[in-house]
Number of protein chains: 2
Amino acid sequence: MISKKIKEHVLGSSLIRAMFEEGKKMTELYGADDVHDFSLGNPNTPPPPVVNEIVGDILKNEKPTYVHGYMNNAGHESVRAAIAASANKRFGTNFGQNNILMTVGAAGGLNVILKTLLDPEDEVVVFAPFFGEYRAYTGNYGGNLVVVSANTETFQPNLKEFEEKLTAKTKAVIVNSPNNPTGVIYSESTIKDMAQVLGRAQEKFGTSIYLIADEPYRELVYDGDFVPYLPNYYKNTIVGYSYSKSLSLPGERIGYLVIPSEVDDYEDVLNGAIVSNRISGFVNAPSLQQLLVAKCLDVEIDVSGYNKNREALYQGLSEAGYECVKPQGAFYLFVKSPIENDVKFCEMAKKYHILIVPGAAFTCPGYVRIAYCVAYETIIAALPKFKKLIDETRQKQ
Amino acid sequence: MISKKIKEHVLGSSLIRAMFEEGKKMTELYGADDVHDFSLGNPNTPPPPVVNEIVGDILKNEKPTYVHGYMNNAGHESVRAAIAASANKRFGTNFGQNNILMTVGAAGGLNVILKTLLDPEDEVVVFAPFFGEYRAYTGNYGGNLVVVSANTETFQPNLKEFEEKLTAKTKAVIVNSPNNPTGVIYSESTIKDMAQVLGRAQEKFGTSIYLIADEPYRELVYDGDFVPYLPNYYKNTIVGYSYSKSLSLPGERIGYLVIPSEVDDYEDVLNGAIVSNRISGFVNAPSLQQLLVAKCLDVEIDVSGYNKNREALYQGLSEAGYECVKPQGAFYLFVKSPIENDVKFCEMAKKYHILIVPGAAFTCPGYVRIAYCVAYETIIAALPKFKKLIDETRQKQ
């Protein structure tokens, strides 16, 4: 009796979320110390301690009806102005509060902007491997997802295939760098070339193609690597940001969209996004969390814990014989499955109480994602088991 | 270039929200004391003081990764169990945690359940006057809104017309009691009759028709009035609740859906709703706010302030010659416009710096909504102006 579309979703429900539930059950059965759950991007690192202090200050010093009340559907003006100023300082942009729309996390922001842009049958291009929810988000508004296949050498986007897949119906392109699931940062030369491809396509088709930069991992980079800020390379860029990873607030659902004044039809896009935010049922991003993040803009994000995990896991797995590209950011390792069937490999891993996600969930079969936003001890305890696991696959061959 | 549907929404954007912006501008121009803004249901009453204490306790005593982290998309199990137990105590129901789904406010909850239920062209029935957003929410999923016209004598639903408008395509009916904009509580006899009408229609068409009870105002009732709990009268009832009004947390976006085990296709509806919550971009209701409301279930809701406003406003307007049904709940007065054109009347009111919303926004022209969740002084200061306003309309006739 429920919606046919939703019924299909229920049947093919998110592999990652199913893992999350399975991990909880395993933990009940075997105890937390004997379960190695690498399935979900749920930060093990707590928020910076200053987060709780700031919340305390806000509750103590601000008027409760302001802290917890309604505001403009786009968010508190002061918060949006502070975020705009912070971006200007970091990226040399020229944003004001009317370029920032506070959202219920990046997932909320992506839905808001896709609802704003898409007519049925419009196309949204993504690069494999990609976060599987993009498919659902695009489908929510009747859009068709167009997948550019993975370049498994470097996991940089395949721009030749990209150009071939752009059509008069291409409304948006989603880019996610640092990338989930690979941890790869799309290089400046990739971004420059991508901007050129997009510019040519816009000219050829006489359309506007919006580049949506999904950036929840922007702050999580290692070795001082550089993440190009896409609005500086391509005019029709809209940025979706989230504090889920940088401030370890994934359950609080707080993020924002950047809609630069330079994008085509800026007024319509902005006002459409505000309306979409309202009528989708978000209404506004959670108020207290808005006030909080505006006071955390200069908080230093400490990635040393994740970096330690990254080094240990990358080195351990490499020594055990696994193959993967060393991640430059985020907290994922995208490892080549030692057997061709990645889903089967993830099933094998469960025998060792290891939970990892098949590449199929990211439209990149033959690989598996290992989320290392876990306790260091979890990695150390799991490494010998990963070794046994690869040995088992070799015995079978 | 943006979506055609959203473009239409931008053009016909919410009257109420436009008022909100206008009120802010007027306040800047004339000062808060000289602007009488009755346009928005934004509680002037602060949250109970214990709210901030509880937040402080949670931040102090609970693990930060638990407080701010991901959880099941349906919400924290402990929170859902506590809400179920509280409902059982109050309403004699038999809910468990799997009957509760935490949502981003009632607006989020309504969108989640409509997305779960509706196929394109399915019909959703509402009773005028109704919260205008129901139209957008239904449209989000391709549904068609069917409006039962207002019974302006009592503002109880017109059940004869209701029965005539039910068809084989009716998937849901939305009921909002205590009602926005009238403040009327749908009586027990109304609900019993409505359940019979629905039962007959289900039998006639061989379908399931879900009754969605939108209940953000359940706690705001006066004179000890009784609000029937709809699952106790009609099996296929789903309840949407919000803490926006009862705890004065409208900006925090926290509420829940009740999906009783007795509803047709319960498993599909529940799992569909969890998936909808995820893929719509809500992901989950804000975590800290979930933990907060679970500890506020026994907090006494003090409606004395709203009641004082209600009495003063109702009496003052009646004495001035306005006509309206005395509200039994919520914090709205739905007043007959002294001139036929309610939109014009609201424009006239602006000259007196009075902001009220035309009944047209609730598909009930000829009336205006006055939200009295304001400072008592605002009402006292506005009453002489309301008198002048009605006098002006009389001079013109």
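Proteins come first, then strands; the chains are lettered A, B, ... in the order of their sequence lines, and each starts at number 1.
- In this structure, OH in B:Tyr70 is found 11.0 Å from CG in A:Leu249, a value given to the nearest 0.5 Å.
- Contact annotation for A:Ala273: neither backbone nor side-chain heavy atoms come within less than 4.5 Å of a heavy atom of chain B.
- Heavy atoms of A:Ser280 lying under 4.5 Å from chain B belong exclusively to its backbone.
- Comparing B:Pro47, B:Ala136, B:Ala106 by heavy-atom pairs within less than 4.5 Å of chain A, the highest count is held by B:Pro47.
- In this structure, the portion of A:Val275 lying under 4.5 Å from any heavy atom of chain B is its side chain and not its backbone.
- Atom CD in A:Gln289 sits 7.0 Å away from atom CD in B:Gln289 (nearest 0.5 Å).
- In this structure, the side chain of B:Lys171 engages the main chain of A:Met1 through a donor-acceptor pair within 3.5 Å.
- Contacts with chain B were tallied for A:Tyr141, A:Tyr66, A:Phe282; A:Phe282 has the most, counting heavy-atom pairs under 4.5 Å.
- Residue with the most contacts toward chain A among B:Val51, B:Leu118, B:Asn44: B:Leu118 (heavy-atom pairs, distance under 4.5 Å).
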Practice task
Tell me, with the steps shown, if A:Asp119 and B:Ser3 meet side chain to side chain contact (heavy atoms under 4.5 Å, CB included).
Solution key: CA-CA 5 Å; A:Asp119 281 311; B:Ser3 147; 3.9 Å; yes
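- At a 4.5 Å heavy-atom cutoff, A:Lys63 makes no contact with chain B through either its backbone or its side chain.
- Contacts between A:Asp122 and chain B at a heavy-atom distance below 4.5 Å are absent for every atom of the residue.
- Among B:Pro43, B:Gly281, B:Pro286, B:Pro64, the residue with the largest count of heavy-atom pairs under 4.5 Å with chain A is B:Gly281.
- In this structure, B:Glu252 contributes its side chain and A:Leu288 its backbone to a donor-acceptor pair below 3.5 Å.
- Both the backbone and the side chain of A:Leu59 have a heavy atom closer than 4.5 Å to some heavy atom of chain B.
- Heavy atoms closer than 4.5 Å to chain B are found in the side chain of A:Glu77, but not in its backbone.
- In this structure, chain B has a heavy atom under 4.5 Å from the backbone of A:Ser248, while its side chain stays farther away.
- Heavy-atom distances place the side chain of A:Tyr210, and not its backbone, under 4.5 Å from chain B.
- With hydrogens and angles disregarded, a donor-acceptor distance shorter than 3.5 Å links the side chain of A:Asn284 to the backbone of B:Gly251.
- Among the candidates A:Ala107, A:Gly272, A:Pro250, the residue making the largest number of heavy-atom pairs closer than 4.5 Å to chain B is A:Pro250.
- Side-chain contact check for B:Lys115 and A:Asn140: at least one donor-acceptor pair (N or O, by modelled atom type) lies under 3.5 Å.
- Only the backbone of A:Thr45 comes within contact range of chain B, with at least one heavy atom under 4.5 Å from a heavy atom of that chain.
- Distance OG1/B:Thr116 to CD1/A:Ile6: 5.5 Å, rounded to 0.5 Å.
- Here the straight-line distance linking atom CG of A:Asn271 with atom CD1 of B:Ile2 works out to 8.0 Å at 0.5 Å rounding.
- For the set A:Lys7, A:Lys5, A:Lys24, the entry with the most heavy-atom pairs within less than 4.5 Å of chain B is A:Lys7.
- With a threshold of 4.5 angstrom between heavy atoms, A:Lys4 approaches chain B through its backbone and through its side chain.
- Listed for the B:Arg253 side chain is no donor-acceptor partner under 3.5 Å among the backbone atoms of A:Ala285.
- Looking at heavy atoms from C-beta onward, B:Asn42 lies out of side-chain contact with A:Thr65 at the 4.5 angstrom threshold.
- Side-chain contact annotation: B:His68 with A:Asn52, donor-acceptor N/O pair under 3.5 Å present.
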